[in-house]
Number of protein chains: 2
Amino acid sequence: MTSLSERQVSGNGSRPTMRQVAELAGVGVKTVSRVINGEPNVTAETAQRVLDAARALDYEPDLHAGNLRRADRRTRTLGLLVGSVDNPFAGAVHRAVEDAAAGRGVAVFASSLDDDPQREREAVSAFLRRRVDGLILTTATAKQTYLLPELRRGTPIVFVDREPSGIEADAVVSDNAGGAARAVEHLLSHGHRRLAYLGDLRGITTAHHRREGFLDAIRGGGIPAADVHVIEDLHDESSAREALLRLLDGPDAPTAVFSAQNLITIGALHALRDRGRHRDTALVGFDDIELADLLEPGVTVIAQHPEDLGRIAAERVFARLDGDASPAHRVVVGTTLIVRGSGEIPPRS
Amino acid sequence: MTSLSERQVSGNGSRPTMRQVAELAGVGVKTVSRVINGEPNVTAETAQRVLDAARALDYEPDLHAGNLRRADRRTRTLGLLVGSVDNPFAGAVHRAVEDAAAGRGVAVFASSLDDDPQREREAVSAFLRRRVDGLILTTATAKQTYLLPELRRGTPIVFVDREPSGIEADAVVSDNAGGAARAVEHLLSHGHRRLAYLGDLRGITTAHHRREGFLDAIRGGGIPAADVHVIEDLHDESSAREALLRLLDGPDAPTAVFSAQNLITIGALHALRDRGRHRDTALVGFDDIELADLLEPGVTVIAQHPEDLGRIAAERVFARLDGDASPAHRVVVGTTLIVRGSGEIPPRS
DNA sequence: GTGAAAGCGCTAACAT
DNA sequence: ATGTTAGCGCTTTCAC
């Protein structure tokens, strides 16, 4: 009859509004609003009429429209920035954040940065335009001063895995230096003196701390620096593999290797296999890897606890949203040495 | 001075609006809107004044507020539902969806279902309330008729990995039956007759198709059904491990095993190691697993291509959003047999 | 090239 | 217990 509301989209396009629900139920919009939001002062009977109407129309309230006027202006949405959602470590962090958020009716946006600072800026902006209530990030930038205005505005920002720089904000990180030192001590205790460090891009704070922990322990063990190979700026499996192959083929091949990151560990494992040296070269990896226990030898690792990192980071966000105005927290999550065989191989004599 | 705008939140709480940017730039809001959205009819000079003001205030436009009145009503947001963001298969799908979406300025919500139908309903509702432009889901429900109203309304809904039921919608799935059959043929060609099938929950369509493919190939190979163990309703590593341990310890232990899912494969690998049977029992897994090439023997698998599934699913969503009103597509992505050793072990004689 | 007014779907504040 | 009015931050429409 009326041609006013005709649409030419592929579906019929129309989404029921609260007004339509109100009309069908024969009540005012505010009554519908009360029912949908579980507010008091509605008789059970009216409430039922409203719910029936909503059901009949397959009504879903528009959260964003409501937010525009709502006092707390919460979108019940979080933004998570990680290296890549495809990485097992990030997946575990993500899952923990999601679990903490789901209990509060909060949905999670995720974005992969591939350690590209430019992507971080864009992803943060995309999330802020969507008015996320908080941000959890494994930063890819050297300094995060660009977040200062947003932080001052009251948006909870929590750094996970990597520490912030140029900004005082909550951070939840692994004990990178301690874990790396523990790996070295473990190798030294098995008699090794010629060690190699295979590390990630130097600009990444975790890589820096792991390297420092490694070198501190080397010094503490009285090992001359000349006996140690420090290879950095590796960033994926293939570069790590090639780097270790070069070491194995060169003079003074290490008798023990510390690989400072999961992909680097996998690259190192490949290199050792390539040269048939996996049974006479010790290896300890930082961050646990899938199936490490089924390899021969099993891969000894310094395991991180990504579930804890993610959960605690999410809890920090919610604490801030709940009004916690205390100074920036820095939470350090311990690492765990998991002995499986590769780290206990003695030096070749 | 004015106490009207005082807030008691921890930050100063105020977020600049387009109006404030307009005032600072000395122009009307509509002009700011034009600049922010890259619309024509603004002189370069005015545009610069607006951009300067926006920069000075650290202004981020409110996408949702704009959407309320905007003609296309697109939030530039997608909802992705997977088994768990912590699973490598889901991670790869997720990453592919994200990459396809990022190019279009679309952000992605992800949610883990743990194969719980109830969680699916809640997650879908949470996404619809946030007005996602489209939905990509690895469904956990037996029937998805509850999505019919939304689909008719024009919201693109694409099923990935598992086929829909009770609803005609786009679907992108692996060739589950074909891949499973290929696994069986491979095992039969190496002389096996006593096979075992270790499968996921029967309610899951992929599990069903893999089982059918397995049984078809068994029949095609002239193997009597009595020589085959079919174990179903396994759903994680530990249940798979225990199930295979029981088979290995029982009479008529299989000489070859087909594990129909990545976690099941890992459980099976553990069981074989537990009994020291990994070198004399053949194994082919469905879905590739990390480090499969470094195990001894290497793990032969029917690899899926999760990146393709995710990318194609996202492309379907965008095609629908761009007006494609053709009947529901069903895209089948092939699988790849990767020979690594475990699948080529001959039967014990 | 620019801006004022109306309105998107909802909630706050204030009726009744 | 329920409804009415204004307004959230933006885009649309239309005037200049």
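Just so you know, these numbers come straight off a predicted model, no measurement behind them. Quick note on labels: first sequence line is chain A, next is B, and so on, each numbered from 1.
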Rounded interatomic separation in angstrom, taking CG from B:Asn41 and C1' from D:dT13:
15 Å

Dot-bracket for DNA chain C, please, read 5' to 3', with Watson-Crick or G-U wobble pairs under 3.5 Å on both distances, ( ) within the strand, [ ] crossing, | other strand, . unpaired.
||||||||||||||||

When the distance from CD of B:Glu23 to C1' of D:dG9 is rounded to whole Å, what number comes out?
13 Å

Can you list everything that forms a salt bridge (charged side-chain N to carboxylate O under 4.0 Å, His left out) with B:Arg104? Sequence neighbours excluded, please.
B:Asp322

Could you tell me how far apart B:Arg76 (CZ) and D:dC10 (P) are, to the nearest whole angstrom?
17 Å

What pairs with B:Arg130 under salt bridge (charged side-chain N to carboxylate O under 4.0 Å, His left out), at least two apart in sequence or on another chain?
none

Spacing of B:Glu39 atom CD relative to D:dT13 atom C1', expressed in whole Å
12 Å

Do the side-chain N or O atoms of A:Ser33 get closer than 4.0 angstrom to the phosphate oxygens (OP1, OP2) of C:dC10?
no

Donor-acceptor list for residues 56-63 of chain B side chains, cut-off 3.5 Å, not counting sequence neighbours:
unit_1	atom_1	unit_2	atom_2	d
B:Asp58	OD2	A:Arg153	NH1	3.2
B:Asp58	OD2	A:Arg153	NH2	3.4
B:Glu60	OE1	A:Ser125	OG	3.2
B:Glu60	OE2	A:Ser125	OG	3.3
B:Asp62	OD1	B:His64	N	2.9
B:Asp62	OD1	B:Ala65	N	2.9

Non-neighbouring partners of A:Gln118 that pass side-chain hydrogen bond (donor to acceptor under 3.5 Å, both in side chains), sequence neighbours left out
A:Glu122

Residues A:Arg316 and A:Asp170 bridged, charged N to O under 4.0 Å
yes

Is the number of heavy atoms from other residues, nucleotides or ligands under 6.0 Å of B:Glu168 CD greater than 12?
no

Whole angstroms only, please: what is the CD-P distance between B:Glu60 and D:dG9?
16 Å

d(CZ, A:Arg129; C1', D:dC10) in whole Å:
15 Å

Look at B:Thr43 and C:dT2 and indicate whether a side-chain polar atom (N or O) is within less than 4.0 Å of OP1 or OP2.
yes

Considering residues at least two apart in sequence or located in another chain, which fulfil the salt bridge (charged side-chain N to carboxylate O under 4.0 Å, His left out) criterion with A:Glu23?
A:Arg19

Run the side-chain contact (heavy atoms from CB on, under 4.5 Å) test against B:Thr46 and tell me which residues pass, sequence neighbours left out.
B:Val27, B:Thr31, B:Val42, B:Thr43

Across all chains, not counting sequence neighbours, the salt bridge (charged side-chain N to carboxylate O under 4.0 Å, His left out) partners of A:Arg76 are none

How does each nucleotide of nucleotides 3-9 of chain C score, in 5' to 3' order, for protein heavy atoms under 4.0 Å: base (B), sugar-phosphate only (S), or none (-)?
BB--BBB

